[in-house]
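In this text, all values refer to a predicted model and were calculated from it rather than measured experimentally. Residue numbers begin at 1 in each chain, while the letters A, B, ... track the order of the sequences. What you see below is based on every heavy atom in this structure, not just the backbone, and it leaves out hydrogens, waters and symmetry mates.
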Amino acid sequence: MALSLVVDALSLKKGYRHLINDLSFFVAPGECVALTGANGVGKTTLLRTLAGFIRPDGGRARYVDGVDPEESVAAQAHYLGHAEALSPGRLAGAELDFQRAFLGGTAAGQAEAIRRLNLSPLLELETRMLSAGQKRRLSCARLIMARRPVWLLDEPMSPLDTEHRAKLAELMQSHLSEGGLIVCAVHDPLPFEVRELRLMAPAMETVYG
Amino acid sequence: MIISWLANPERFSKVFAPVRPWVAGLSLVLFVWGLYLCFVSPEDYQQGDTVRIMYIHVPAAWMALFTYLVMGVASFFGLIFRHALADAAAKAAAPIGAVFTALALITGSLWGKPMWGTWWEWDGRMTSVLVLFLFYIGYIALHASIEDEQRAARSTAILALIGLINLPIIKFSVDWWNTLHQGASVFRPGGPTVAPAMLWPLLMMALAYKALFVWLWLIRIDTEILSRKYNGLRARLGFREGGA
Amino acid sequence: MTPSSSLALLRRDLGLSLARGGGPVLAAGFFLTLMAMVPLSLGPEAQTLSKIAPGLTWLCLALASLLSLERLFERDYEDGVFDLLRTGPLALEWVAFLKCLAQWLGTGLILSLMTPVVMILLGAPVGVAGWALVAALIGSFSFALIGGAGASLTLGSRKGGVLIALLVLPFYVPPVIFGAGLMQAFVTGAPVSQALSLLCAYGLFALALGPIAMGAALRSALN
């Protein structure tokens, strides 16, 4: 469970221009890093790179096992983005079953997720009937259903109401206390101790090659 | 290495800007000379004057294949090494190749009427060249329909690489399907079977086409580089004004 | 863990493609409508129709296979489902293949089962039914894979549907030729083995290249 994240001289481009230049940082097990910065500065792109969706244009990001210096497999991370990964025509419960089976989660984990995120009233509804906050709660369920050491969250709090913000914060804290790590893009400060990584406006010059 | 040195698009523009007029001039000279040779070359004992269509048709067909090959190679480098210049080179070649292919199809049709008595015959060579034309059109349409430049470059590169399968089919179609279109007579094992008096004008025209291609290609690559630079500057401006 | 993940994905996608009868009914209806237009446009003489029945049926099959391609990846792309799929244990190539398979089970399989019927309705001899079915199964499956490659290339572009047709139809030419050739060979009493082996070769080609192309295209689209 104890993975740390090593980001080494990472460069990212958007189109043909620089977005992030020569970024290095380290996240230890049990640590939460809050990515902050203005819109368009590259928070989402950075998170997607950490999830392995984008090949960096320079440098690299890897997850290192405490014992084994070899980098471990990319499927160690959960990624929660702006899109909720729910098909509008399917029942919330069916989506949950699919996610659990696909990600290799356990039935006990699914029950726990339903309980902790208060999902049982939603299960019989088609996902298109759900509000933005309800959808987000459904998405958060996979964090609990399939345990993974790395959570990459893109503004996880924004659609949630006060009650469920507190619940998610609780989940995040218990994940950290179990030795997991979190990288989280935020605009509002999180209600617990985090390390802030502020992304600055990049040079934005056009680059080639 | 010289290639990686030139691979910087700005440097590429700077180095090749003064070369372009020379290539244009070379192409012009070759065309004048080649066309002159075409008209003084002897008539074919079977085909008479219509054989002169060959000097337009055959090099155009060669260029149709050659340009696609160029596109394929550039796409490969663009896809594997994610090179901006390679993307630009592939994109720049496509419309030129499409025009050469259309020219080959049209002149072939014009030649087919007096020779075979038909404008069009669904034989292997003609059908596969028509498919090549459709690939060019598909490539251009796909590029135009994806807004993100880099994504467009990658998607079209994959398409171009898949389409490479068509090239050997075109080349060997005349051998595989025994049809109306004649077999290879210049690039064949055992040397060309074309009479030297006809071979010279043909080769001269082929060189002229090639020079024309290089000239147009360089212009289009340069345009591509400039337009990207413009878009980059605009994005930077937008970020300053709208963002931080 | 992998087999159950694959199964879960296959089940979900099959459910989506069958949901509300949209996919299969639409494709089958389109197939039948095209077929019905043939005698109306060419005149109902049995002589003419029976001669062109195999070729036309294959053409209709190819066109009907195009219909469902646009929504193959588009829905999941827009809903962000691919972000979830990519954090799963399966390679993107395999995910794409499973999606094509589910799509084929939902529409291509039904179209294949209809192919012999359509061919016979248009006047082909009843004896072709067996070979027509075999050929249609292989052909429609390669249509699904090659079509999937086209769909993944146009992902997120404007005017997706027409563009897919433009990109994919040239690649549908060989199976149409081989499939119709197989029928022709059967009718004239020539051995069917040559056309059949060419059709199989094309199917294997689609099987090998399709997932690779889809994986690469999806990766570039899903940045």
Side-chain angles (χ1 to χ4, degrees), chain A residues 12-15 19 44-57 73-91 94-107 126-128 135-136 138-139 141-143 145-146 148 150-154, chain C residues 1-23 26 68 71-99 101-103 106 152 155-156 215-223:
Chain A
L12 294 173
K13 284 186 238 165
K14 187 110 185 169
L19 200 55
T44 298
T45 310
L46 177 58
L47 277 175
R48 295 182 70 82
T49 309
L50 298 181
F53 298 165
I54 302 176
R55 207 175 83 187
D57 294 278
V73 210
Q76 304 268 26
H78 275 304
Y79 173 85
L80 252 65
H82 294 285
E84 304 290 358
L86 300 170
S87 302
R90 279 166 58 88
L91 297 182
E95 286 291 76
L96 221 52
D97 288 340
F98 161 70
Q99 293 189 359
R100 198 242 312 141
F102 184 77
L103 297 171
T106 58
E126 289 190 5
T127 62
R128 67 193 162 88
K135 283 183 188 167
R136 178 57 52 92
L138 212 55
S139 290
R142 65 177 186 257
L143 299 175
M145 287 194 296
R148 290 182 174 186
V150 180
W151 290 5
L152 305 167
L153 314 175
D154 198 353
Chain C
M1 165 146 97
T2 316
S4 70
S5 302
S6 308
L7 212 61
L9 179 62
L10 196 62
R11 269 227 299 274
R12 171 185 174 277
D13 272 47
L14 196 56
L16 277 175
S17 84
L18 294 174
R20 301 205 182 90
L26 202 70
S68 44
R71 302 304 282 162
L72 177 56
F73 299 122
E74 194 80 27
R75 264 188 315 216
D76 285 349
Y77 172 72
E78 280 161 7
D79 298 337
V81 177
F82 273 109
D83 287 350
L84 173 82
L85 297 180
R86 291 187 78 183
T87 53
L90 307 179
L92 201 52
E93 283 81 4
W94 181 242
V95 168
F97 173 78
L98 286 173
K99 282 183 160 297
L101 182 63
Q103 181 87 348
S152 62
L155 206 53
L218 287 175
R219 239 172 235 121
S220 120
L222 298 171
N223 266 345

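- Between chain C and the options A:G81, A:A94, A:S139, A:P88, the largest number of non-hydrogen pairs under 4.5 Å is found for A:P88.
- Of the inter-residue distances, the one linking C:S4 atom OG with A:R100 atom CZ reads 9.0 Å to the nearest 0.5 angstrom.
- Looking at A:I54, the atoms closer than 4.5 Å to chain C (heavy atoms on both sides) sit in the backbone and in the side chain alike.
- By the side-chain contact (heavy atoms from CB on, under 4.5 Å) test, C:A8 is found to be paired with A:F98, A:A101, residues two or more places apart in sequence or in another chain being considered.
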Report, one line per pair, each donor and acceptor closer than 3.5 Å where one atom sits in a side chain of residues 72-85 of chain C; sequence neighbours left out.
{"residue": "C:D76", "atom": "OD1", "partner": "C:R12", "partner atom": "NH2", "Å": "3.1"}
{"residue": "C:D76", "atom": "OD2", "partner": "C:R12", "partner atom": "NH1", "Å": "3.4"}
{"residue": "C:D76", "atom": "OD2", "partner": "C:K99", "partner atom": "NZ", "Å": "2.3"}
{"residue": "C:D83", "atom": "OD1", "partner": "A:R48", "partner atom": "NH1", "Å": "3.4"}
{"residue": "C:D83", "atom": "OD1", "partner": "A:R48", "partner atom": "NH2", "Å": "2.9"}
{"residue": "C:D83", "atom": "OD2", "partner": "A:R48", "partner atom": "NH1", "Å": "3.0"}

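- Only the side chain of A:R90 has a heavy atom closer than 4.5 Å to any heavy atom of chain C.
- Closest of all the heavy-atom pairs between A:F102 and C:G88 is CE2-CA, 3.6 Å.
- A 4.5 Å side-chain heavy-atom check between A:S87 and C:L16 finds at least one atom pair inside the cut-off.
- No more than 12 heavy-atom neighbours from other residues, nucleotides or ligands sit within 6.0 angstrom of CZ on C:R11.
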